[in-house]
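Only this structure's heavy atoms are used, side chains among them; waters, hydrogens and symmetry mates stay out. For ligands, and for the atoms within them, numbers begin at 1 and follow the listed sequence.
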Amino acid sequence: MTIRVAVNGYGTIGKRVADAVALQPDMKLVGVAKTRPSFEAGRAAAKGFKLYLSGGGALEPFHTAGIPIAGRIEDLVREVDVVVDAAPEKVGRENAKLYKEAGIRAIFQGGEKPDVAEVSFNALANYEAARGKHTVRVVSCNTTGLSRAASVLTSRWPIEYWQATIVRRAADPAESNRGPINGILPTFQLPSHHGPDVRTIFPQLPIATLAVVVPTTLMHVHVNHVQFTTPPRDAAEMLAGFRGTPRFRIFAPWEGVDGTPQVMEFARDRGVGHQDMMENVLWENGVRLDGQNAYFFQAIHQESIVVPENIDAIRAMFDLAPDAAHSIAITDRTLGIPAP
Ligand code: NAD
């Protein structure tokens, strides 16, 4: 079975998901929808993706730019089984009506409130919950990173308490209108919304999160303190848990990766996706166990971490794989994410 897929909203997330869909053996990218012409629209056309107008966009600017338009989003939704909505946050909820009227399934992103969809999703954590569903929300970049880590930890060692401080990037690299460029901004929501968001996937997880925004565009970093009821034997056992799980990359001290600049330089050298780092990044010397208490850092590439999750969400909704492990294996092989 080949599932026909549309991507509505062709920005940071949408263009990556579209490329990922085009690589899947069991999916066909029918088209992508954009509001206005841009170099990204030009690139989509050059790749042979059919472009549709969306978000009240006008035809004329595309004509002027010489970019062919195949129709409007209302036409595109009639040709597909599922749409991945990657419009700016809160816009997905407005678009939901269109998908419902067209009788097609829809995936929303983490910028939408959880009730936009039947289930919030992370492939490692709750693949089965999305099986057969008509609407799924792929949680945000930070929630995806925390949920992957929670999958590893909660399946092995029961947790008493988890405190995560989220050091958030100020903007994506292509955003020139956001800041700060000098300063550290506390998020005056105490605790931050990330903890409750993780509990849309792990309802019982005793996690509390705080967040600050810092002047960087590369990645987020999570500073974690986990108190276990039954701890791992040692840090090596904990590291082995992460290392043996798909979508984790552990850097060894000899690799010279001091922080996010070297992680993203590694990603540029590797050339996967849009020079992306779709794995949770940990450091061998950034995991420590002290009795019941574990401390670890992880870095999250906000632009790409949710891309494989969108692919697995489609597979779960349409029952295309026997289980999460099979779907993750296909997704990661096609996207170039190394297996554990
Ligand atoms: P973006 O601004 O880079 O891209 C959004 C695209 O949608 C733009 O091309 C915009 O022109 C287009 N658009 C505007 N109005 C539209 C409409 N009515 N219908 C369709 N398209 C419309 O945004 P993004 O960063 O890709 O974020 C998309 C979603 O993914 C949001 O929910 C966001 O919270 C979530 N997300 C973003 C990141 C990130 O770090 N960028 C990470 C994880 C999840």
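No side-chain heavy atom of E309 sits less than 4.5 Å from a side-chain heavy atom of T331. Residues L239 and F296 form no side-chain contact, since every pair of their non-hydrogen atoms from C-beta on lies 4.5 Å or further apart. Taking the side chain as every heavy atom from C-beta outward, F62 and K34 approach each other to under 4.5 Å.
Considering each of P88, A41, G92, the one bringing a non-hydrogen atom nearest atom 2 (O) of ligand 1 is P88. Closest heavy-atom approach to atom 31 (C) of ligand 1 within the set S38, A87, A86, C141: this belongs to A87.
When hydrogens are left out, the protein atom nearest atom 30 (O) of ligand 1 is Q109 CB, 3.4 Å; that is the closest non-hydrogen contact. Looking at atom 42 (C) of ligand 1, its nearest protein heavy atom turns out to be Q302 O, 3.1 Å. Nearest protein neighbour of atom 40 (O) of ligand 1, counting heavy atoms only, is R169 NH2, 3.0 Å. T35 OG1, 3.0 Å is the protein heavy atom nearest to atom 11 (O) of ligand 1. Here the protein heavy atom with the shortest distance to atom 21 (N) of ligand 1 is G9 CA, 3.4 Å. At the shortest separation from atom 4 (O) of ligand 1 among protein heavy atoms lies G11 CA, 3.2 Å.
Interface atoms of ligand 1 facing G111, defined by a heavy-atom separation under 4.0 Å, are 32 (O), 34 (O). Per-residue contacts place S54 under 4.0 angstrom from the following atoms of ligand 1 (heavy atoms of the residue considered): 19 (N), 20 (C), 21 (N). For ligand 1, the atoms closer than 4.0 angstrom to any heavy atom of G55 are 17 (C), 18 (N), 19 (N).
Atom 7 (O) of ligand 1 lies below 4.0 Å from at least one non-hydrogen atom of the protein.
At a 4.0 Å heavy-atom cut-off, ligand 1 touches Y10 through the backbone alone. Within the 4.0 Å heavy-atom criterion, the part of N95 lying near ligand 1 is the side chain and not the backbone.
Contact analysis puts K34 in contact with ligand 1, with a non-hydrogen atom separation below 4.0 angstrom.
The cluster map of Ile, Leu, Val, Met, Phe, Trp and Tyr, joined by side-chain heavy atoms under 4.5 Å apart, puts F248 and V198 in the same cluster.
The pair E40-R43 does not count as a salt bridge, with every side-chain nitrogen at least 4.0 angstrom from each carboxylate oxygen. For the pair D85 and R137, the salt-bridge criterion is not met [side-chain N within less than 4.0 Å of a carboxylate O].
Considering backbone and side-chain N/O atoms, D172 comes within less than 3.5 Å of an N/O atom of ligand 1. Polar contact check, T12 against ligand 1: a nitrogen or oxygen pair lies under 3.5 Å apart. The shortest N or O to N or O distance between I13 and ligand 1 is under 3.5 Å.
Of the possible donor and acceptor atoms, none in the side chain of T165 sits under 3.5 Å from a partner among the backbone N and O of L210.
Nearest heavy atoms, D332 versus P246: OD2-CB, 4.0 Å. Counting all heavy atoms, side chain and backbone alike, E112 lies closest to V91 at OE2-N, 3.6 Å.
Ring geometry for F266 against F251 counts as perpendicular: the plane angle is over 60°, on a 0 to 90° scale with 30° as the lower cut.
The only member of T187, N142, T209, D197 that meets side chain to side chain donor-acceptor pair (under 3.5 Å) when paired with S192 is T209.
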